[in-house]
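Worksheet: one structure, shown below.
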Amino acid sequence: MHPQKQIAEMVVSALDSAIAADTLPQIGEVTPTVERPKHAEHGDYSTSIALALASSMRMAPREIAAKIAESVERSSMVRDVSVAGPGFINFRLDDEWLRSRVNVIRQQGVKFAHSDIGAGQKVQVEFVSVNPTGPLHIGHVRGAVIGNGIANILDAAGFDVQREYYVNDAGNQMRIYMESAYVRFLQAAGKDVELGAESYPGEFVAKLGAELYAEYGDAVVEMSEDEAIGVIRKTALDRTLANIRATLSRMGIEYDEWFSEKSLIDGEDFNESLELLKDRGFISEREGALWFLGTKVGLESDSVIIRSMERGPSYFGTDIAYHYNKFVKRGFDRVINVWGADHHGHIARMNAVVNSLGVESDNLTIIINQMVNFKEGDETVSFNKRKDNFIGADELLDAVGADACHFIFLERTPGTHMEFDLELAKAETAENPVFYVQYAHARLCAVLRAAKDRGIEFEDGDVSLLTTSQELALMRRLNELPDVIARSAEMLEPHHMPHFAYEVARELQRFYEACRVISSEPADAELTKARLLLVDAARIVLEGTLNIMGMNAPERM
RNA sequence: GCGCUUGUAGCUCAGCGGAUAGAGCGCAGCCCUGCGAAGGCUGAGGUCGUGGGUUCAAAUCCCGCCAAGCGCGCCA
C-alpha cells in the first residue's frame with residue numbers, strides 16, 4: 001500500500017477510535033483527503049479533515065484535529081503528527097524509515113512502487129486506431145503517447161491491461177482507400193487513369209500501388225475493378241497496417257490486439273448487439289434506415305445504425321457492436337478509449353449506447369486529447385490545417401526522437417490545447433527537460449561505473465550514515481513514486497509521471513552538488529558505500545519512471 | 001445558433017475545495033583544483049479571462065459574459 005493511503009487509513013482509524021472513546025461526536029462515513037503540503041514545514045502529508053468536520057461536529061476545527069492527532073496509532077513510518085494552522089493535521093515521515101526504504105528499493109526494484117489498486121481487473125486501453133488509409137501523421141503521436149502511458153501506469157497499478165488498436169477496415173473510407181490504391185496500381189501498370197476527387201493522394205498510396213503491381217502484375221490489371229480490388233485488398237491493408245505498426249514500434253509501443261471492424265459485421269457481434277438494443281426498446285425503423293433512439297435516453301437526437309440494406313451499418317452502428325464485443329463478449333471490467341478532440345461529439349451517444357446495452361457507463365472512460373499546434377521558430381501551425389502539407393509521425397520521430405515525444409506529450413494534461421516546440425524538443429541542452437532528466441540518469445550510471453572501476457563493493461553499506469538534508473530530500477522524493485503511480489492510475493492522469501521524473505532529477509542534481517559520493521579519503525569509505533546505495537536506489541526509481549513513460553533510461557549520453 | 005474543451009508569470013505549462021498560487025524557459029546576478037557544468041544557488045516577474053453565487057475556506061464547485069480551438073453527416 002502506498003504511503004498516502006496508509007496515512008489516510010491511519011486518519012480513519014484514529015477518527016473511529018476517538019469516536020468510540022467518546023472524545024468526538026458520532027458522524028457518518030467520511031473519507032479523508034490526504035495531500036502533500038506545498039511547504040516543507042507542513043510535513044510530508046497533511047489532512048484537512050478536521051476543518052471539514054467542524055460544522056457537522058459543532059466543534060472548533062483545531063480541537064477536532066487535536067483529538068484525532070492524539071488517537072493516531074504510532075508506526076515506524078511516521079515520526080511526528082501535529083496540529084497546525086486553522087486545523088490541519090500534519091504528518092512527518094521518520095528519517096530512519098526513509099533510510100530503510102533505500103534497501104527496499106534496491107531489493108524490489110521499481111516494483112516497490114507498484115500497487116494493487118487494480119486488483120487484477122481486466123482493463124482495455126484502446127488508442128490511436130487511426131484509419132488504415134496511410135501512414136500516421138504528426139497529429140496522431142499525442143494520442144499514441146497518452147494511450148501507451150495510461151496502459152503502462154495501469155499495469156504498474158495492478159490492472160490486467162490489454163492494449164488494442166481498432167482497425168477500421170470496413171466502411172466508406174476503406175472503400176475510397178482501396179479505390180485509390182487500385183488507381184495507383186493501374187498507373188503503375190502504365191494505364192492512363194486519374195484519382196477521383198475524394199481519393200487519397202499521398203505518396204504512400206502511390207508507392208503501394210507500384211508494389212501491388214510488382215506483386216500481382218498484368219493478370220490483375222485485366223480484371224474488373226471489383227475483382228481486382230478483391231485480389232489486392234488484403235495486401236494493401238496489411239502493408240498499410242505494417243507501416244503504422246512500424247511507426248508505433250519506433251516509439252516502443254506494441255499492441256496486444258489489432259481488432260478488425262469488419263469482423264464485427266462478418267461475425268455475430270453486430271446482429272447480437274442490435275437484437276439486444278431492440279429487446280430493450282432502443283431501436284426504430286424509419287426513412288428506410290434503422291435508428292438508435294438517443295432521444296429516449298436524453299440525447300439531442302437519434303442516430304442511424306443501418307443506413308439502408310445496400311449501404312450497410314454506419315460507423316456508429318459498428319461502434320455499438322464493438323463496445324458490445326468489448327464488454328459483453330470479452331468481459332472487460334473497464335474500457336478506456338483515447339480519442340482525438342475531433343471525436344468528442346461522439347462521446348455522449350457512446351456513453352448512452354453502452355448504458356442501453358446494460359453496461360454501467362462508468363466502466364467506459366473516454367479520454368480526449370486536444371489538438372496540437374506545432375511551433376517551428378516563430379511560426380505556429382496547427383497540423384489539421386496542414387493536410388496539404390503532410391508531416392508524417394516518422395518525420396517527427398526522426399527530428400526529435402521518440403523519448404522527447406513521450407516526455408513532452410505526457411507532460412501536458414490531455415485536455416490542454418498544447419503547443420509543441422519543435423526547436424526545443426530537438427535541443428540537446430538544459431532548456432530541454434527531456435535531456436535534463438535523462439542526463440541525471442546517465443550521471444548516476446557514470447558514478448556507479450566509477451565505483452566499479454575502483455573496485456568499490458557497497459552491498460554492505462550502512463544507510464544510517466545518510467543524514468544530510470540533500471540525502472533526506474532525495475529519499476523523500478524517491479518514496480513518492482508509489483503515491484504518484486497510484487494517483488496517476490486512479491485519476492487516469494499520466495502527466496504526473498514526467499513531473500515526478502523531473503523532480504527526482506532535480507533532487508538528484510542537488511544531492512550530487514552537495515554530497516561527494518566517491519571519496520578517496522579512507523575515513524570516508526563507509527559514507528561512500530552508503531551514498532552508492534542511495535545512488536543505486538535513485539537510479540532504479542528514475543529508470544522505472546522513465547520506462548513507465550515509454551522512455552529509455554540511457555546509461556551514457 | 002447549439003454542444004464539448006481551454007483561458008494561471010513575458011513564453012510553455014503544473015496546481016488533488018484548504019495554509020504564503022508553483023516549475024521550466026527567458027531575464028539579472030553568483031558558484032567548478034576531485035565522481036559527467038548537458039550542473040547548482042539567488043533575484044525580479046501574478047488583480048489565476050471577466051462579473052456574480054455557494055462555502056468557515058474558491059485558481060479549483062455553480063451560473064452569466066468575453067476570447068480561442070474543435071465538433072454539430074445515413075464520413076470515420
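On a predicted model such as this, the values are computed, not experimentally measured, just so you know.
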Spacing of the [atom1] atoms in [M] and [N] (rounded, Å):
N	M	atom1	value
B/C63	B/C74	P	30 Å
B/G53	B/G17	C1'	16 Å
B/A76	B/A23	P	50 Å

With both distances under 3.5 angstrom, what nucleotide forms a Watson-Crick or G-U wobble pair with [N]?
N	answer
B/C25	B/G10
B/C4	B/G69
B/C35	none
B/U55	none

If the glycosidic angle sits within 90 degrees of zero it is syn, else anti. Tell me which applies to B/C32.
syn
Separation of [X] atom [atom1] from [N] atom [atom2], in whole Å?
X	N	atom1	atom2	result
A/F435	B/G24	CZ	P	19 Å
A/L444	B/G39	CG	C1'	13 Å
A/R487	B/A14	CZ	P	13 Å
A/F511	B/G40	CZ	P	14 Å
A/H441	B/G39	NE2	P	17 Å
A/M418	B/A68	CE	C1'	17 Å
A/R175	B/C74	CZ	P	16 Å

So, is [X] near the phosphate of [N], with a side-chain N or O under 4.0 Å from OP1 or OP2?
X	N	result
A/T413	B/A14	yes
A/R349	B/G3	no
A/R307	B/A76	yes
A/K38	B/A19	yes
A/H495	B/G15	yes

Just to be sure I understand the rule, does A/R412 reach a base, reach only the sugar-phosphate, or reach nothing, if contact means heavy atoms closer than 4.0 Å?
sugar-phosphate
Tabulate protein N/O versus nucleotide N/O from nucleotides 4-6 of chain B, keeping only pairs under 3.5 Å, one per line.
residue : atom : partner : partner atom : Å
B/U5    : O2'  : A/Q370  : NE2          : 3.0
B/U5    : O2'  : A/G415  : O            : 3.2
B/U5    : O2   : A/H417  : NE2          : 3.0

For B/G24, is there a stacking contact with A/Y502, counting only centres under 5.5 Å and planes under 30°?
no
Report yes or no: is the ring centroid of A/H42 under 5.5 Å from the six-membered base ring centroid of B/A19, with the two planes under 30 degrees?
yes
Just checking A/Y324 against A/F270, ring centres under 6.0 Å apart?
no
Assess the residue pair A/V504 and A/V437 against the criterion (side-chain contact (heavy atoms from CB on, under 4.5 Å)); give the C-alpha distance rounded to whole Å, side-chain angles, the decisive distance to 0.1 Å, and a yes or no.
CA-CA 8 Å; A/V504 171; A/V437 171; over 6 Å; no
Is the backbone of A/Q370 close enough, under 3.5 Å, to the side chain of A/R142 for a donor and an acceptor to pair up by distance?
yes
Choose from B/C74, B/C70, B/G36 the nucleotide whose nearest atom is closest to any side-chain atom of A/E287.
B/C74
